[in-house]
There are 2 protein chains.
Amino acid sequence: MNTRDKILKAAKTLLYEEGFEAMSPSKVLKLSGAGQGSLYHHFSGKKELARTVLDDVAEELNEVAESIFDNENYLPTEKIELFLKRKRNGLLGCKLGRLANEKAFRSEDLRAPLEKYFSLVLTKIKRTLIEGVAQNLFKPEMPVDSIAHLIVASVQGGYVVSKSLNDDNAINQATQGALELLRAYKTEKQT
Amino acid sequence: MNTRDKILKAAKTLLYEEGFEAMSPSKVLKLSGAGQGSLYHHFSGKKELARTVLDDVAEELNEVAESIFDNENYLPTEKIELFLKRKRNGLLGCKLGRLANEKAFRSEDLRAPLEKYFSLVLTKIKRTLIEGVAQNLFKPEMPVDSIAHLIVASVQGGYVVSKSLNDDNAINQATQGALELLRAYKTEKQT
DNA sequence: GTCTATAGCTCGATAGAC
DNA sequence: GTCTATCGAGCTATAGAC
């Protein structure tokens with residue numbers, strides 16, 4: 001692995017585990033094994049390094065979402081279920097959502113990967129719900145927009161509650177709750 | 001207002017607006033107008049200052065929750081509705097939940113106020129749901145534990161999504177979604 | 001109890017040899 | 001392209017006058 005990639009890998013780990021503010025260039029360089037100047041040879045600074053990492057992370061998470069929601073092997077109802085039933089460790093957190101509260105993410109350049117990912121996921125879920133209604137799997141009165149938001153929020157909020165309670169399972173209870181509630185919007189066509 | 005209170009007030013503002021890491025003692029002192037030594041006369045350091053502020057914030061938020069869930073004037077269904085319909089500005093964030101992802105909050109001493117508040121709220125919501133079932137307002141098959149988690153997560157996750165999208169209303173869509181889904185668990189006794 | 005001065009450290013970033 | 005050395009600024013905390 002070349003120096004640039006080693007730096008990116010170290011930055012990715014630190015962004016996930018400690019966040020942006022705590023990811024100091026010196027920590028990145030120490031973890032990557034690279035020398036001091038290398039970071040500023042490959043990147044204009046800490047911000048650009050983080051942005052490069054986060055564009056990559058957003059792409060990864062988007063591929064996970066695609067593997068569920070753009071997969072023709074599943075029914076709309078199954079897609080929603082698969083997304084909500086993913087096993088998540090609440091004490092780790094979402095690689096993007098965990099950063100949303102940091103001061104630096106009020107600026108467009110750092111927030112952009114978060115906006116891109118959440119927009120995409122919300123769109124995919126909304127479309128899936130609409131398809132479910134069209135296929136008579138969900139009841140027609142389903143408010144797709146607000147329910148798409150709720151589904152995403154149940155994951156992100158689950159992480160927050162898990163971390164606050166130091167309970168890795170709180171997030172799974174939240175997504176389980178969303179799943180239970182959604183059942184009521186299924187038609188009799190369902191098992 | 002005495003110096004200690006001025007310092008607490010400034011720290012409270014900065015914790016809410018910028019978080020713990022970004023709340024430097026120098027900023028606190030500048031905002032409060034107090035001199036350098038005062039902070040360390042009244043508090044052992046930055047951590048104890050934050051803990052004092054957060055115990056206070058947890059108490060405030062708990063009083064809000066009590067005003068809804070421990071109020072005999074409302075039906076259980078109305079209590080849940082009031083909680084979910086509170087107008088929230090998604091770009092501000094929860095004074096406690098916004099801190100959950102910071103590194104310093106992995107230690108017990110800083111996390112304690114967050115755990116206390118979320119435990120209390122979850123307990124109150126769960127109890128309210130159980131009362132609702134007992135009064136035949138909610139259907140008996142309602143899974144109260146996971147739904148209580150979902151309700152809290154819809155708020156906390158709503159803030160995360162709002163900040164990520166820079167959309168102050170995303171949180172209201174998420175809580176609205178929770179409300180819509182809950183409707184299906186209401187009995188015919190409801191209007 | 002409040003102030004000014006300053007310690008020791010780490011931050012993000014730069015200079016310049018090789 | 002990678003390294004070592006170092007900058008100025010801001011960090012958390014302490015010393016000591018009043």
> Do NZ/NE/NH1/NH2 and the carboxylate oxygens of B:Arg183 and A:Glu141 come within less than 4.0 Å?
Replying inline: no

>> In whole Å, I'd like the distance from the CG atom of B:Leu39 to the P atom of C:dG1.
In response: 15 Å

> Rounded to whole angstroms, how far apart are CD1 on A:Ile7 and P on C:dG12?
Replying inline: 14 Å

> With A:Ile80, which of A:Leu129, A:Ile68, A:Leu75 fulfils side-chain contact (heavy atoms from CB on, under 4.5 Å)?
Replying inline: A:Leu129

> Can you check the A:Leu29 CG to C:dA13 P distance for me, whole Å?
Replying inline: 12 Å

>> Between A:Lys9 and A:Asp5, does any NZ, NE, NH1 or NH2 come within less than 4.0 Å of an OD or OE carboxylate oxygen?
In response: no

> If only atom types and distance count, is the side chain of B:Lys139 paired as donor or acceptor with the main-chain N or O of B:Ala184 below 3.5 Å?
Replying inline: yes

>> Output one letter per nucleotide in nucleotides 5-18 of chain D: B when a protein non-hydrogen atom lies under 4.0 Å from the base, S when only the sugar-phosphate is that close, - when neither is.
In response: BB----SSBBB---

> Counting only side-chain N and O atoms of A:His41, is one of them less than 4.0 Å from OP1 or OP2 of D:dG1?
Replying inline: yes

> Under 3.5 Å, side chain of A:Ser162 to main-chain N/O of A:Asp167, donor-acceptor pair present?
Replying inline: yes

> Does A:Lys163 reach the main-chain N or O of B:Leu99 with its side chain, forming a donor-acceptor pair under 3.5 Å?
Replying inline: no

> Phosphate oxygens OP1/OP2 of C:dT2: is one of them under 4.0 Å from a side-chain N or O of B:Ser38?
Replying inline: no

> Could you state the CZ-P distance from A:Phe43 to C:dA13, rounded to the nearest angstrom?
Replying inline: 13 Å

>> How many whole angstroms separate atom CG of B:Asp5 from atom C1' of C:dT2?
In response: 15 Å

